[in-house]
Amino acid sequence: MRSTFLATASLSASAILLAACGGSDNPSANQPGTGATAPAANPVATYLPAQGEQAAYVDTRLQLAFDGPPVLATSGTFKVYKAADNTLVDTIDVGSTIVTSGGENQQVLPYANTEIDQIGKNVANLTQWRYVYYQPVTIAGNTATIKLHDGVLAYGTDYYVTMDPGTLAGRSNGAPLTAITGAKAWTFRTKGAPASKTAVTVDDNGNADFRSVQGALDWIMANGCVSCANAADAKTITIKNGDYDELLFIRNVNNLTIVGESRAGVIVHHENFESYNPSTGGSKTSAQTTLSTVQGATRRALGGGRAVLLVENADLLKLSNFTLKNTHVKQTIFNNQAETIYFNSATLNGSRFVATYMNFLSAQDTVQTKGWAWYYQSYIAGDVDFIWGSPFAALFEESELHTVYDPTGAALGPYSGGYLFQARDAFGYPGFVVLNSTLSADANVPAGSAYLGRSGGLTVANGYCNTPYAGGSFGNPNLGCDNIAFVNNRIGPHIASTGWFTQPANSPLPDPSTPSAVAGWRESGSMDLNGKPLEMSGRSGYSSTAADLSGVNARAKIFAGWNNGAGWVPAP
């Protein structure tokens, strides 16, 4: 596995304290306060949380600071115990057992230093969770960071940490540090629960309620769920400027706003992709064991999928003023689908999503959506099908849809700039609409190499896209239609003169193949980047530049069908 897959974590010098450690090899023999002395394996070391910390965060990441880059072994464990009764609350195993015991035989990903996380584990009202592979131990410079499993620590509780001999090796403050043993070597107490159940703050190194976004989400899901007493109350998570490397999960929460301190200063990110966590994903009652094919070999599809953020059963979720990024860099050895967000919520009278002043950064499959989604003054970057899904209506208004250069493009034959959209929409609804926006590209994306969209190819014998969709599972007839409308947009020269991809001959054709005012591939009022009317005589015969798009030229019209015609007019 390439080294860039290792996530990095910043170490706050002001938060790290130097402390002497004590303990015994037998945890039960040495409780805090017994006066036991430290064995040689526990030198004076630099920990986060600091030794004896009395206000650690329940979503804290453990950190060890060394004098030089430490070495991670291929076996060994970190363990966290509850100090009151020596109950083991978490084990991080840096070995390969989890992967090899699953019957996997893929060779392009590492077996060691892999754990399965159950995201949302401590949320009592959840009955399904997000299960994903992750790398628990990362090394950045002289610092080793250990991410515990989600939700294992409780508020206001004393804990201690141990490390098997040889798990990490290095020198800390001039002395060898190869093990942490006993119940007094590394101890800390977590702080109490937040005062508010509806408004919390996240900061990676300053005073806040949580250190991670998921820690805040777990709190909100536990206290403001759709069946909770305050289900309808407005809820807010404020993220301070910082670096947040994590996978995220939201389920069963309405009316939640997640807002960043600044769009460029708040970076929420992780590297996650099809080869690492196969499938688009969804919550499950347990980690799945189905083997998926990855580069001709097998990998378990646990169920949690490849997006950074998975959202389910949510209405009026709003993201604002931060960057959400999937840091995966495409390589020919991988299946590179890598969403930033999968809004997996699809009801006719709920499932509303808003993104204002956001950055969504990835390459392939950047944004996947269902439901009713509004992206306003946001920046979305990718190359292959980087906006896709099965929405009733998804509006991209006054936004920038940016095609990035594909580093694998030259290795796959003639360079392709990819496709902006792949629609699998619900027939009878607007589907994807791009309004008053800009289509731009990296400078090294060749002119004429990219396309507005390509077909999802879901047409079946009895036909899609002939009767208005009235609900039911995704994959049913009338839910897989190529409904995409571009209205009054500025389009860069990277878009081919044909507009839409219908080559080669075996590429799926759009359904409906003959566009109309309300369905199919449609375009109106397109301009070049300088605002001059665009020459569109070469557009594909499966698209229309003459259809009347007045029915989708305003926000209120696009969302008029929400809740059986009650309509929805979102605002920033």
Pair [X], [Y]: side-chain N/O donor-acceptor within cut-off below 3.5 Å:
X    : Y    : value
T347 : S351 : yes
S345 : N313 : no
Q63  : T143 : no
K318 : S320 : no
Q128 : T285 : no
Q118 : H149 : no

State, yes or no, whether a side-chain contact exists between [X] and [Y] at a heavy-atom distance under 4.5 Å.
X    : Y    : result
V213 : I239 : yes
D365 : F386 : no
M358 : R263 : no
Y376 : V354 : no
W372 : W568 : yes
N142 : P69  : yes
L153 : F188 : yes
L64  : Y47  : yes

Among L316, L319, V311, D315, find the one that has a side-chain contact (heavy atoms from CB on, under 4.5 Å) with F353.
-> L319
Straight-line distance of [X] [atom1] to [Y] [atom2], nearest 0.5 Å:
X    : Y    : atom1 : atom2 : answer
L247 : E271 : CG    : CD    : 10.5 Å
Q51  : Y160 : CD    : OH    : 13.0 Å
N255 : R352 : CG    : CZ    : 8.5 Å
R299 : S292 : CZ    : OG    : 10.0 Å
T87  : Y159 : OG1   : OH    : 9.5 Å
D245 : Q135 : CG    : CD    : 10.0 Å

Mark yes or no: R171 above the aromatic ring of F66, with NZ or CZ under 6.0 Å from the six-membered ring centre and no more than 45 degrees from the axis.
-> no
Does NZ or CZ of R306 come closer than 6.0 Å to the centre of the six-membered ring of Y342, within 45° of the ring's axis?
-> no
Can the ring centroids of [X] and [Y] be said to lie less than 6.0 angstrom from one another?
X    : Y    : value
Y375 : F360 : yes
F273 : F334 : yes
Y357 : F322 : no

Between Y379 and L361, is a side chain to side chain contact (heavy atoms under 4.5 Å, CB included) present by the stated rule, with each step listed?
-> CA-CA 8 Å; Y379 179 91; L361 310 178; 3.6 Å; yes
I'd like to know if the side chain of [X] reaches the main chain of [Y], judged simply by a donor and an acceptor atom lying under 3.5 Å from each other, with no hydrogens or angles considered.
X    : Y    : value
T298 : N105 : yes
T77  : T91  : no
T167 : M163 : no
S362 : E339 : no
D117 : I119 : no
D90  : V80  : no
T340 : N326 : no
R211 : G206 : yes
W374 : T356 : no
R130 : G304 : yes

Could you go step by step and tell me if I258 and I250 meet the side chain to side chain contact (heavy atoms under 4.5 Å, CB included) rule?
-> CA-CA 11 Å; I258 306 174; I250 301 172; 4.0 Å; yes
Show the numbers, then the answer: is there a side chain to side chain contact (heavy atoms under 4.5 Å, CB included) between V137 and F78?
-> CA-CA 10 Å; V137 182; F78 296 88; 4.0 Å; yes
Kindly give the heavy-atom pair with the smallest separation between N349 and N563, and that separation in Å.
-> CB-OD1, 3.1 Å
In terms of heavy-atom contacts, L168 and A144 come closest through CD1-CB, 3.6 Å
Please test L291 against E104 for side chain to side chain contact (heavy atoms under 4.5 Å, CB included), starting from the C-alpha separation and ending with a verdict.
-> CA-CA 7 Å; L291 291 173; E104 304 179 29; 4.1 Å; yes
Are more than 12 heavy atoms from other residues, nucleotides or ligands located less than 6.0 Å from atom NZ of K325?
-> no
Do E53 and R189 pass the salt bridge (Lys or Arg N to Asp or Glu O under 4.0 Å) test, and can you show the C-alpha distance, the side-chain angles, and the key distance before you say yes or no?
-> CA-CA 6 Å; E53 169 68 55; R189 179 177 179 81; over 6 Å; no
Below 3.5 Å, can you tabulate the donor-acceptor pairs from side chains in residues 215-231 to any protein atom, sequence neighbours excluded?
{"unit_1": "D218", "atom_1": "OD1", "unit_2": "Q214", "atom_2": "NE2", "d": "2.8"}
{"unit_1": "W219", "atom_1": "NE1", "unit_2": "S196", "atom_2": "O", "d": "2.8"}
{"unit_1": "N223", "atom_1": "ND2", "unit_2": "W219", "atom_2": "O", "d": "2.8"}
{"unit_1": "N230", "atom_1": "ND2", "unit_2": "N223", "atom_2": "O", "d": "3.2"}

